[in-house]
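Since the structure comes first, as structure tokens, the remarks are kept for the end.
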Amino acid sequence: MKYSKLFGKTLRQPPKDATTVNHRLLTQAGYVEQLMAGVYTYLPLGLRVLTNIARVVREEMNLIDAQEILMPTLHPKANWEITKGWSNIDVLFKLKSRTDKEYALGQSEEEVVTPLVKGRISTYKDLPLCLYQIHWKYRDELRAKSGILRGREFFMKDLYSFHDTQEDFQRFYEIAKKTYLKIFKRLGLTAKVTEASGGGFSEKISYEFIVLTDAGEDTILYCDSCDFCVNVDIAKLKLGDLCASCKKSKLKQAKGSEVGNVFDLGQKYCKDFDITITGRDGEKIHPIMGCYGIGISRIMGVIVEKYNDKNGILWPKEATPYQMHLVGIGLDNKDILSKTHETYRKLQNKNVEILYDDRVDVSPGEKFADADLIGIPVRLVVSKKTGDKIEYKERDKEKTEMLSLEEVVKKVHV
Ligand code: ATP
Ligand code: MG
């Protein structure tokens with residue numbers, strides 16, 4: 001992509017209303033644009049990051065035999081009345097049509113996926129069944145001041161699993177938890193797993209995956225000697241208490257952001273929508289359901305909160321919008337211009353995803369500042385000084401190296 005043509009250039013000044021690092025840097029670097037509190041447009045660079053995060057999630061979901069579907073966000077009121085969500089869920093957006101019909105905007109999709117499977121599963125042999133989607137969610141959040149960490153419209157992966165026995169649910173629940181940790185790790189994040197009561201309709205146990213960051217809205221207590229971790233909102237414990245699990249260390253407190261969670265929904269929704277199937281012993285049973293969310297757009301914000309310095313963003317490899325950022329210096333000189341173009345073309349032919357700063361009328365200092373702000377992991381420079389080599393620099397290091405094109409290409413795949 002030629003930077004001169006890119007829609008969504010860097011801004012010299014940060015947005016006035018940005019109170020969080022993710023909102024400020026993502027706006028200034030040209031990734032997102034706030035339409036109103038909690039609602040954002042993803043510009044070309046931002047959409048590439050969002051798509052990359054979704055790709056990682058999708059790859060891992062497919063590996064555990066989950067099947068991707070796409071459900072509507074506009075839902076009939078009737079489904080939400082059946083589950084009592086219409087009156088119980090305060091964040092549910094409700095709409096009235098010109099003919100006075102009422103609708104809900106999807107804040108979660110149990111109300112769609114459960115009736116969807118009704119009639120399509122009839123015996124335990126049809127289970128387990130795991131369906132997921134990656135789509136917008138709408139929530140009437142009171143606080144929407146954390147940039148893309150808390151949207152009123154946000155991108156989520158939601159998976160729903162159906163099982164004939166509690167044992168089979170438990171088996172899949174463990175697989176899902178492991179997969180979640182793998183996903184976050186691929187995206188450069190270490191998540192702590194808190195155990196919580198299910199909230200809402202269920203008294204069952206749920207797990208939250210929390211990444212430590214000061215920008216997060218959750219406060220957790222954790223132990224340094226073992227994996228114990230709880231959200232203070234629900235815990236009877238407090239800072240300095242002895243760890244309830246290993247009893248070796250005192251609990252520490254930290255701020256974090258919930259990037260995902262998994263719930264045991266029990267038979268609630270299958271009972272609500274009257275789904276019965278034939279069980280292993282020939283009896284009629286209600287399937288057991290689990291739901292598993294990942295905040296795709298929130299993860300993008302959390303990455304920025306964790307990976308930034310005074311000059312801008314530092315994207316992890318799996319999330320970065322482009323693999324390399326090629327900066328041409330002195331492009332008013334014909335020879336350098338053609339050499340830089342050639343480098344760009346050759347790298348593209350080697351399938352390197354590359355952002356090429358081809359602007360002629362911009363100073364080297366400004367180009368380097370933009371490259372740091374945008375945060376692509378590798379910066380390449382072609383100039384009068386580089387001869388038949390390319391200057392190679394990683395975003396998080398000071399050191400530069402002079403490499404041949406072949407050596408640069410090799411670096412992409414390490
Ligand atoms: P939170 O406690 O942060 O409000 P939640 O418990 O309501 O989250 P879920 O309903 O389980 O979360 O949604 C699944 C995932 O979607 C969350 O783990 C989080 O990563 C993300 N998420 C939830 N609400 C928002 C939001 N308003 N904006 C962006 N992402 C969100
Ligand atoms: Mg919430």
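The first residue of the sequence shown is numbered 1, and numbering continues consecutively from there. Both counts, for ligands and for their atoms, begin at 1 and track the order of listing.
Within the 4.0 Å heavy-atom criterion, the part of M156 lying near ligand 1 is the side chain and not the backbone. Residue contacts with ligand 1, taken as heavy atom pairs separated by less than 4.0 Å, involve L149 solely via the backbone atoms N, CA, C and O. When heavy-atom distances to ligand 1 are checked against a 4.0 Å cut-off, F263 comes that close only through its side chain, counted from C-beta outward. Residue-level proximity to ligand 1 for E258 is carried by backbone and side chain together, each with a heavy atom below 4.0 angstrom.
Between the side chain of R152 and the backbone N or O of E141, at least one donor-acceptor pair lies under 3.5 Å.
K125 is linked by a side-chain contact (heavy atoms from CB on, under 4.5 Å) to T123, counting only residues two or more places apart in sequence or in another chain. The ring-ring contact (aromatic ring centres under 6.0 Å, His included) check on Y160 picks up nothing, with sequence neighbours excluded.
For atom 5 (P) of ligand 1, the choice among R139, E208, K137 with the nearest heavy atom turns out to be R139.
Remark: aromatic rings of F154 and W136 are distant, center separation not under 6.0 Å.
Near G151, with a cut-off below 4.0 Å to any heavy atom, the atoms of ligand 1 are 26 (C), 27 (N), 28 (N), 29 (C). Residue G260 approaches ligand 1 through these ligand atoms, each under 4.0 Å from one of its heavy atoms: 18 (O), 20 (O).
Look at K157 and E60 and you find no salt bridge, because none of the NZ, NE, NH1 or NH2 atoms lies under 4.0 Å from a carboxylate O.
With Y292 as reference, F172 is the one residue of F263, Y180, Y207, F172 to meet the ring pair (Phe, Tyr, Trp, His ring centres under 6.0 Å) rule.
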